[in-house]
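This report refers to the structure that appears directly beneath it.
Owing to the predicted nature of the structure, the values given are computational and were not obtained by experimental measurement.
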Amino acid sequence: MAIKCGQIKDTHIENLAKIVGTSAILYKKEDLLAYDCDGFTIHRHLPKAVVFPNSAEEVAQIVKYCHEHDLPFLARGAGTGLSGGAIPLNGEVIISLTKMKRLVSVDLENRRAVVEPGFINLKLTHSIADKGYYYAPDPSSQYCCTIGGNVAENAGGAHCLKYGVTTNHILGLEVVLPNGEMIEISTNGVLDPPGYDLLGILTGSEGTLGIVTKITVRILKNPEAKQTVLAYFDKVSDASQAVSDIISAGIVPAALEMMDKTAIEGVEAAAFPVGHPKDIEALLLIEVDGISAGIDEQIQEILKVCRSRNVREVKVAQDEKERERWWANRKTGFGAMGAISPDYLVQDGVIPRSKLPEVLERIRQISEKYGLRIANIFHAGDGNLHPLVLFDSRKPGETEMALAAGSECLQACADAGGSITGEHGVGIEKREEMRFIFSDEEIAAQTNIRDVFNPKNLLNAGKLFPTPGRCVEVKRNEKMK
């Protein structure tokens, strides 16, 4: 029901309602409950209000008002983020960008499109498919996640092995800075423009430096040919070694995915079962694409590699329908865990491909240590692991054990020379684990960049970096004396 100015007791909410209209703001507790978390549901905090701007100009007015009145605020897309980046820790005003969902323009000659931040990822591909083009970044949530959210988290996806993550496809951004000023950043089609890489700084900054209101993305021509292989292994170690062998053979697949036995149990119990054998330890889903000439040779080499690593069965999709069924099964991976566990925690670490066997063994040991099952479903080709810790939050202590197990999985990735996140971001979930890979001085250098853009720290405060940064703050204070 629309609210009327004068009925609201909070002056700030009344003034924000004047910007977006009384039908485009939520402020009652029962309405705010849906916005107390994102895909990371372990922590929940209510926002002060949720506003729904319809344009970049309205976003700028909201931000300027919050800045002038010291109101904490943050941007939110579809809420599919998995690291708590859109959770209003400080009672923020949430600026929901879901109404800003227009496809502004398509330029096929220059292979680019302009979208608003609330535009759904997969919808872009659907919008240009009849012209023979598509948008490459394909996170598992692409059917519902927004491109604005993808920019904030520098989202990846199954096909990022060959085509790269979101930052590799961003050509320009319109951004509202934390003081309400609006700027435009563009490469203007130049491959390596001079000056600082501001697009690179903003993409993956997790909503702490500005709010993106328009995005220019690179679009690609559909490949001439595409073939997909499904391989079953009795040992995780054999599947892991096959991953390295495929890359070593000079093949760069468009995608190279792995699932272990627990993950397979989940996807087979969910919406798109394929009929995977119940007793295998791992499967690989491998896709190659490109010009037609040479695709068959790559497939034959992949089959040869799999057979040399004791594959139980390996097969090639016979048609597009079968290929789509295999991918639908894989894309349900995270959500499918709900079919075999009341709760699950998704982790996101990166390791060198050569370290797959030893890190997966460490994850198995962590699972035994805590008595919690851990499913592994991940982008094996680029070493982007997704251990899913299964637990039951109704049992006292299991949530805390799941968090501890997840942290140890990330420590294993860091110890192997990898990173604590490859595509899901840090948010609040992994901010303390930033110390696994960065020193206090390195964290201070990054927070200094944040302070240039966001000096009042009103925009999405408490995310991305460890809090409190005791050592960093002490050193800062000593320098100020």
Side chain of [X], backbone of [Y]: donor and acceptor closer than 3.5 Å?
X: D36; Y: R44; result: no
X: N121; Y: P139; result: no
X: N454; Y: T208; result: yes
X: S367; Y: L372; result: yes
X: N154; Y: N150; result: no
X: K214; Y: A56; result: no
X: N448; Y: A444; result: yes
X: E429; Y: V426; result: no
X: K463; Y: I87; result: yes
X: S341; Y: Y344; result: no

Roughly how far apart are [X] [atom1] and [Y] [atom2], rounded to 0.5 Å?
X: R330; Y: M259; atom1: CZ; atom2: CE; answer: 7.0 Å
X: S186; Y: L199; atom1: OG; atom2: CG; answer: 7.0 Å
X: F436; Y: D415; atom1: CZ; atom2: CG; answer: 8.5 Å
X: L202; Y: I211; atom1: CG; atom2: CD1; answer: 12.0 Å
X: L16; Y: Y27; atom1: CG; atom2: OH; answer: 13.0 Å
X: F465; Y: R431; atom1: CZ; atom2: CZ; answer: 12.5 Å

Practice problem: Decide yes or no on salt bridge (charged side-chain N to carboxylate O under 4.0 Å, His left out) for R362 and E408, but give the supporting numbers first. | Solution: CA-CA 9 Å; R362 278 196 62 182; E408 288 194 25; over 6 Å; no
Self-check item: Six-ring centre of Y133, K221 cation under 6.0 angstrom, axis tolerance 45°
Solution: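 Judged by the rule, K221 and Y133 form a cation-pi pair.
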Kindly give the heavy-atom pair with the smallest separation between [X] and [Y], and that separation in Å.
X: D38; Y: A86; answer: OD2-N, 3.1 Å
X: T80; Y: C144; answer: CG2-SG, 3.8 Å
X: H424; Y: V346; answer: CE1-CG1, 3.7 Å

Exercise. Verify salt bridge (charged side-chain N to carboxylate O under 4.0 Å, His left out) between R394 and D343, making sure each step is shown before the conclusion.
Key: CA-CA 9 Å; R394 297 168 298 184; D343 301 282; 5.7 Å; no
Practice problem: Show the numbers, then the answer: is there a side chain to side chain donor-acceptor pair (under 3.5 Å) between E287 and H159? | Solution: CA-CA 9 Å; E287 186 160 282; H159 290 79; 2.8 Å; yes
Quiz item: Which class fits the ring pair F40 and H43: parallel under 30°, tilted 30 to 60°, perpendicular over 60°?
Solution: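 The rings of F40 and H43 sit tilted, inter-plane angle from 30° to 60°.
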Quiz item: Can you list the residues that meet the ring-ring contact (aromatic ring centres under 6.0 Å, His included) rule with H126, with sequence neighbours excluded?
Solution: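 If we apply the ring-ring contact (aromatic ring centres under 6.0 Å, His included) test to H126, skipping adjacent residues, there are no hits.
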Exercise. Let me know which of L388, I366, L360 forms a side chain to side chain contact (heavy atoms under 4.5 Å, CB included) with I374.
Key: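 Single side chain to side chain contact (heavy atoms under 4.5 Å, CB included) partner of I374 among L388, I366, L360: I366.
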Quiz item: Does anything in residues 54-77 pair up under salt bridge (charged side-chain N to carboxylate O under 4.0 Å, His left out), and if so which pairs, sequence neighbours excluded?
Solution: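 Every pair satisfying salt bridge (charged side-chain N to carboxylate O under 4.0 Å, His left out) with a residue in residues 54-77: D70-K456.
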Quiz item: Does the gap between the ring centers of Y163 and H169 come in under 6.0 Å?
Solution: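 No.
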Quiz item: Step by step, would you call S407 with E433 a side chain to side chain donor-acceptor pair (under 3.5 Å)?
Solution: CA-CA 7 Å; S407 182; E433 282 75 10; 2.7 Å; yes
Quiz prompt | All pairs passing side chain to side chain donor-acceptor pair (under 3.5 Å) where residues 371-390 contributes a residue, at least two apart | solution =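 Matches after skipping sequence neighbours: E257-H379, D260-N376, E265-R373, D348-N384, H379-E423, H386-E423.
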